[in-house]
Amino acid sequence: MCYKGSISKEERKLMGYGNKGKKGIRTIQPSYNVNAFSNPAIPIVAQDSPDYITTATWGLVPFWGKRDPEKFLKDSKYTLNARGEDFWETKSYKPYVQEGRCVILFDGFYEPHTFSSNKKQPFYCYVPNDAGDYNSRSILPIAGIYSIMDDEYYVSLVTTEANDFFAKVHNVKKRMPLVLDDKLVEEWIKPEQSKSVIDDLVRKGFTSKEFHAHAVSNDIYKRDFVRDGKDVIDPVQPIQNIF
DNA sequence: CCAGACGTTGTT
DNA sequence: GTCTGG
DNA sequence: CCAGACGTTGTT
DNA sequence: GTCTGG
């Protein structure tokens, strides 16, 4: 993406990650068009309450924006992603790397591909379940960091250098969301986790599950695109095969 | 010392 | 609120 | 992404 | 050769 993902499972199906239910007033709507730029409500598992699914706002609000978080997000669309390689040094994020790690629960996300013709196409990226096609997808625990203002959680998605697969998809910026291996989620959200382990997870914690990706309609990158139904991820003919 | 940033990668 | 850059 | 640095510390 | 700064 790292600005657009999908949440299509009903919340209770996410409960494998939060076995005591959910926190937060807002409900999370299933959507195939979860757009970071509109600061949507997304499900996370936070280090301060690992037994719950917490509703968070996509867009981290640092301490200097706490007087008016909504204004901060409206004016500043630059805390949607946090670079894992840099987040200990950046002013906005560094207080929250130790205090506020979480996983964001998506079941897919979109990455742009640029062809040699300079034409672009978005690709929907996901891990199929046993059935093997895009209609049944695994939940992806994506590393995030969050701040809390007045009990509301504000979260930024952690990105890292693309692996071989994602370098083929997101072939210009070569970045990818840090999708953690299921068995490392606990390590990531352990509150007293050490800096060196956190850095190791950023570098080497990416899931070993096999991703799939297929081209989808370019409509999803239009500013006024609001449809969020399942047909959004229907495959279209790629301009060229990218693998 | 003060001003300005504070962030990362989408665009149809 | 705090750091960076000029 | 490309250009430019890449380093440390004497004295008056 | 690799990192940093613009």
Side-chain angles (χ1 to χ4, degrees), chain A residues 1-6 31-40 42 56-100 104 106 108-125 142-150 154-163 166-179 202-203 213 215-228 231-233 236-239 242:
Chain A
M1 33 181 132
C2 306
Y3 292 136
K4 199 178 278 274
S6 66
S31 168
Y32 289 86
N33 181 22
V34 181
N35 181 4
F37 290 93
S38 54
N39 305 117
I42 58 175
T57 296
W58 193 350
L60 186 147
V61 177
F63 53 94
W64 46 272
K66 68 182 172 193
R67 299 208 50 175
D68 193 344
E70 292 188 7
K71 180 172 189 305
F72 174 87
L73 290 174
K74 184 164 152 289
D75 297 345
S76 320
K77 296 301 184 191
Y78 44 65
T79 52
L80 304 174
N81 291 172
R83 294 171 56 92
E85 303 94 321
D86 302 337
F87 58 15
W88 296 101
E89 279 80 42
T90 52
K91 282 202 289 293
S92 293
Y93 295 139
K94 65 180 177 186
Y96 306 108
V97 183
Q98 197 64 55
E99 300 302 316
I104 297 167
F106 284 169
F109 51 84
Y110 301 87
E111 292 284 1
H113 182 87
T114 305
F115 292 92
S116 49
S117 60
N118 219 29
K119 287 184 176 166
K120 297 174 203 291
Q121 249 183 340
F123 279 70
Y124 183 63
C125 308
I142 303 175
I145 55 177
Y146 63 86
S147 61
I148 304 176
M149 312 280 157
D150 290 332
Y154 296 94
V155 64
S156 186
L157 181 154
V158 173
T159 67
T160 190
E161 188 178 5
N163 62 14
F166 283 101
K168 287 179 192 157
V169 181
H170 193 185
N171 58 327
V172 176
K173 302 295 185 184
K174 294 189 167 62
R175 303 290 300 170
M176 65 180 181
L178 179 56
V179 180
V202 168
R203 286 195 301 269
V216 296
S217 167
N218 285 36
D219 289 348
I220 69 156
Y221 282 154
K222 291 181 177 169
R223 270 201 187 77
D224 55 0
F225 185 76
V226 292
R227 285 188 13 259
D228 64 2
D231 59 322
V232 172
I233 63 164
V236 302
Q237 188 65 33
I239 291 171
I242 67 168

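On a predicted model such as this, the values are computed, not experimentally measured, just so you know. Labels below follow one simple rule: chain letters A, B, ... track the order of the sequence lines, proteins then strands, and each chain is numbered from 1.
The minimum heavy-atom distance between A/Y32 and A/Y110, with the atom names listed, is O-OH, 2.6 Å. Between A/W58 and A/L80, the shortest heavy-atom distance links the atoms NE1-O, 3.0 Å. The two residues A/E111 and A/C2 have their closest heavy-atom pair at OE2-SG, 3.9 Å.
Taking atom CZ of A/F37 as the reference point, atom P of B/dT11 lies 10 Å away to the nearest angstrom. If you measure from atom CD of A/E85 to atom C1' of B/dT9, you get 13 Å, rounded to the nearest angstrom. Rounded to a whole Å, the CD1 atom of A/I220 is 10 Å from the P atom of B/dT11. Per the geometry, CG belonging to A/N33 stands 12 Å off C1' belonging to B/dG10, to the nearest Å. Atom pair A/E89:CD and C/dC3:P shows a separation of 13 Å (rounding to whole Å applied). The distance between atom OH of A/Y96 and atom P of C/dG1, rounded to the nearest whole Å, is 12 Å. When the P atom of B/dT9 is taken as reference, atom CD of A/E111 falls 10 Å away, rounded to whole Å. Here B/dG10 presents its P atom at 12 Å from CH2 of A/W58, a figure rounded to the nearest Å.
With centres under 5.5 Å and a plane angle under 30° as the test, the ring of A/F63 is not stacked against the base of C/dG1.
Rounded to the nearest 0.5 Å, atoms CG (A/L60) and OH (A/Y78) are 11.5 Å apart.
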Practice prompt. Walk me through it: do A/E85 and A/E161 pass the test side-chain contact (heavy atoms from CB on, under 4.5 Å)?
Written response: CA-CA 9 Å; A/E85 303 94 321; A/E161 188 178 5; 4.0 Å; yes
Worksheet item: Where do A/I142 and A/F109 land on the side-chain contact (heavy atoms from CB on, under 4.5 Å) test, with the steps shown first?
Response: CA-CA 10 Å; A/I142 303 175; A/F109 51 84; 4.2 Å; yes
Practice prompt. Decide yes or no on side-chain contact (heavy atoms from CB on, under 4.5 Å) for A/V236 and A/Q121, but give the supporting numbers first.
Written response: CA-CA 10 Å; A/V236 302; A/Q121 249 183 340; 3.9 Å; yes
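Remark: the A/Y124 side chain and the A/S6 side chain contain an N/O donor-acceptor pair separated by less than 3.5 Å.
For the OP1/OP2 pair of B/dG10 and a distance below 4.0 Å, the side-chain nitrogens and oxygens of A/H170 include at least one atom meeting the criterion.
Taking atom P in both B/dT11 and E/dT2, the straight-line distance is 29 Å, to the nearest Å. Nucleotides B/dA3 and D/dG7 have their C1' atoms positioned 31 Å apart, rounded to a whole Å. Between D/dA5 and B/dC6, the two C1' atoms lie 27 Å apart (nearest whole Å). Comparing the P positions of C/dG6 and E/dC3 gives an interatomic distance of 23 Å, to the nearest angstrom.
Within 4.0 Å (heavy atoms only), A/N35 reaches at least one base atom of the nucleic acid.
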Pick out the pairs of N or O atoms, protein on one side and nucleotides 4-8 of chain B on the other, that lie under 3.5 Å.
from: B/dC6; atom 1: O3'; to: A/S92; atom 2: OG; distance (Å): 2.9
from: B/dG7; atom 1: OP1; to: A/K91; atom 2: N; distance (Å): 3.2
from: B/dG7; atom 1: OP1; to: A/S92; atom 2: N; distance (Å): 2.5
from: B/dG7; atom 1: OP1; to: A/S92; atom 2: OG; distance (Å): 3.1
from: B/dG7; atom 1: O4'; to: A/Y78; atom 2: O; distance (Å): 3.0
from: B/dT8; atom 1: OP1; to: A/R83; atom 2: N; distance (Å): 2.9

Response to the item:
Under the rule of Watson-Crick or G-U wobble with both distances under 3.5 Å, where | means paired to another strand and [ ] a crossing pair, DNA chain D maps to ||||||......
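Judged as a side-chain contact (heavy atoms from CB on, under 4.5 Å), and not counting sequence neighbours, the contacts of A/K119 are A/S117, A/I239.
Proximity of a side-chain donor or acceptor of A/N171 to a complementary backbone N or O of A/H113 within less than 3.5 Å is not detected.
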